[in-house]
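Counting from 1, the numbers follow the sequence of the chain as shown. Nothing here was measured: the structure is a model prediction, and the numbers come from that model.
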Amino acid sequence: MPSKTVVIGFLGTQLDSGRGAGRWEKWRPTVSLAQHEDMQVHRLELLYTRQHQALADQVKQDIETASPETEVRLVPLQMADPWDFGEVYGVLYDWVKQYPFQPERERYWTHITTGTHVAQICMFLLTEARHIPGVLLQTSPPRKQRTGNPGSYALIDLDLSRYDGLAQRFEAAQRDALDFLKSGIATRNPAFNALIEEIERVALRSKAPILLTGPTGAGKSHLARRMFELKKSRHQVAGEFVEVNCATLQGDGAASTLFGHKKGSFTGAATDRAGLLRMAHGGVLFLDEIGELGLDEQAMLLKAVEEKRFYPVGSDREVQSDFQLIAGTHRDLRADVRAGRFREDLFARINLWSYHLPGLAQRPQDIEPNIDHLLVRSAAELGRAVRFNAEAKALYLRFAQSHEAHWRGNFRDLAASVTRLCTLAEGGRIGTPLVEAELQRLRWLWQDDAPAGGATAAVDLGTLLPTEQLDTMDLFDRLQLESVVAVCRSSRNLSEAGRTLFDRSRSQRSVVNDADRLRKYLQKFGLRWDDLAQ
């Protein structure tokens with residue numbers, strides 16, 4: 001529990017003013033903070049502008065007289081116009097972002113009685129958005145003025161339900177959070193954007209385990225780290241981000257790496273080892289490819305997640321570690337549970353928040369903004385700007401968004417492709433001949449893939465159809481529908497998917513409407529095009 005109370009507030013240029021002995025006979029809200037017998041303020045961060053330096057010095061001296069144990073830190077701010085909302089919020093935001101908050105040791109109260117109305121609103125917004133990790137403090141004068149009477153005070157916790165009407169998330173802060181999770185990439189895929197919006201809410205509101213599924217290279221590890229950094233920026237975690245790929249953990253060393261061990265517990269254990277779970281205390285532990293863990297390690301992990309304590313290898317004494325778990329896998333853990341390869345109780349525990357990250361082929365709208373992002377990143381790495389000419393970019397995008405492009409390695413494939421183009425570009429321009437050579441390389445890379453419309457990703461009909469409907473379907477119909485859905489997910493629209501699926505029969509028809517034929521086929525199973533977004 002926090003042991004110290006820190007108040008952050010503005011100097012009241014009118015309410016806190018006063019000279020001579022008579023100033024002690026009036027109620028001054030900032031000075032009153034140090035006069036309450038039932039409230040101990042250990043530190044006051046007093047914000048003010050340089051033109052009020054003399055008053056700030058006087059208030060600091062008076063607080064130290066009334067409460068010698070209260071440390072007063074004067075914080076001068078540069079603001080040309082204290083009534084300009086944009087300027088005030090910007091100055092306060094910059095100060096707050098560099099402030100060394102320590103929520104595990106200190107509690108923070110934001111004093112909103114003093115300062116201009118603009119300053120009070122900005123302080124409210126910063127606290128509501130958790131940039132200041134604390135509660136609001138409101139002070140009031142006594143009903144009848146008496147020397148030394150500090151009046152009253154109230155704490156307002158915006159997390160409590162009775163303040164739901166006030167606690168509306170500051171929209172700009174939320175947009176910043178979404179943009180942060182997407183690494184600043186202006187993604188256009190509606191399903192992916194909706195997915196990120198929900199992940200943003202969960203990341204900031206929940207400490208429960210999160211499961212990220214999807215093919216290799218879809219960005220699970222990157223997203224997990226961005227979630228941690230978002231939580232850290234809001235002072236919700238104090239520890240570190242600890243990442244391990246469970247596929248690299250083999251044999252007896254797996255438990256030791258995760259849970260630590262005692263010296264002499266097995267051959268080669270020459271010293272004590274803390275283990276990754278203890279390193280993640282107060283932070284986030286990302287276990288990539290969690291499906292590769294052995295059953296013994298799964299059992300130990302379940303106890304650690306549920307009880308926040310576990311036994312290191314060879315120890316008869318439990319240790320503690322309070323961390324949030326984010327797990328990643330490209331496997332279908334439901335199938336692993338049915339096959340006995342993954343513990344059902346652990347799966348139930350980590351499946352509270354489960355999100356499937358679609359592969360690049362399922363997000364053709366997002367290929368262009370990702371290319372633009374990679375060009376900027378490449379410029380920073382190579383020390384020179386590189387751009388496509390118009391014809392070359394159009395050629396590359398036509399291929400990248402077509403069913404020819406399998407993107408087996410997803411964003412790793414795309415990053416490697418753009419890196420090759422940027423490295424070979426002469427004069428910082430990527431021309432058509434260079435793109436044609438790169439497309440030939442990509443076709444060679446994917447030539448052994450399954451040819452059906454680039455449909456390499458497995459389709460789980462259980463996410464599209466109810467169980468009772470699946471149970472009545474013949475294997476023939478299931479396999480056919482899985483293939484059709486895979487082609488749809490690798491196509492930009494219904495028409496392109498129809499052209500791929502009816503590539504032979506369409507040439508024998510006098511009236512060609514591939515989109516309508518495909519729409520009617522999907523309707524037989526109660527499906528629409530919009531339902532197929534992965």
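Within the structure, salt bridge (charged side-chain N to carboxylate O under 4.0 Å, His left out) pairs that include any residue of residues 82-98 do not occur (at least two apart or interchain). Sequence neighbours left out, not one pair with a member in residues 270-300 passes ring-ring contact (aromatic ring centres under 6.0 Å, His included). Applying the ring-ring contact (aromatic ring centres under 6.0 Å, His included) test to residues at least two apart or on different chains, the pairs with a partner in residues 223-242 are F101-H235, F228-F241. Every pair passing ring-ring contact (aromatic ring centres under 6.0 Å, His included) that includes a residue from residues 291-313 is listed here, sequence neighbours excluded: F259-F310.
Listed by chain and residue number, R331, R341 satisfy the side-chain hydrogen bond (donor to acceptor under 3.5 Å, both in side chains) test with D336 (two or more places apart in sequence, or in another chain). D57 is linked by a salt bridge (Lys or Arg N to Asp or Glu O under 4.0 Å) to nothing, counting only residues two or more places apart in sequence or in another chain. Taking the side-chain hydrogen bond (donor to acceptor under 3.5 Å, both in side chains) definition, one finds that K308 meets it with nothing, sequence neighbours left out. Evaluation of the side-chain contact (heavy atoms from CB on, under 4.5 Å) rule for L15 yields P29 as partners, not counting sequence neighbours. Partners of W83 under the ring-ring contact (aromatic ring centres under 6.0 Å, His included) rule, at least two apart in sequence or in another chain, do not exist in this structure. Judged as a side-chain hydrogen bond (donor to acceptor under 3.5 Å, both in side chains), and not counting sequence neighbours, the contacts of Y153 are D38. For E243, the side-chain hydrogen bond (donor to acceptor under 3.5 Å, both in side chains) partners two or more places apart in sequence, or in a different chain, are S221. For E318, the salt bridge (Lys or Arg N to Asp or Glu O under 4.0 Å) criterion is met by K303, R309, not counting sequence neighbours.
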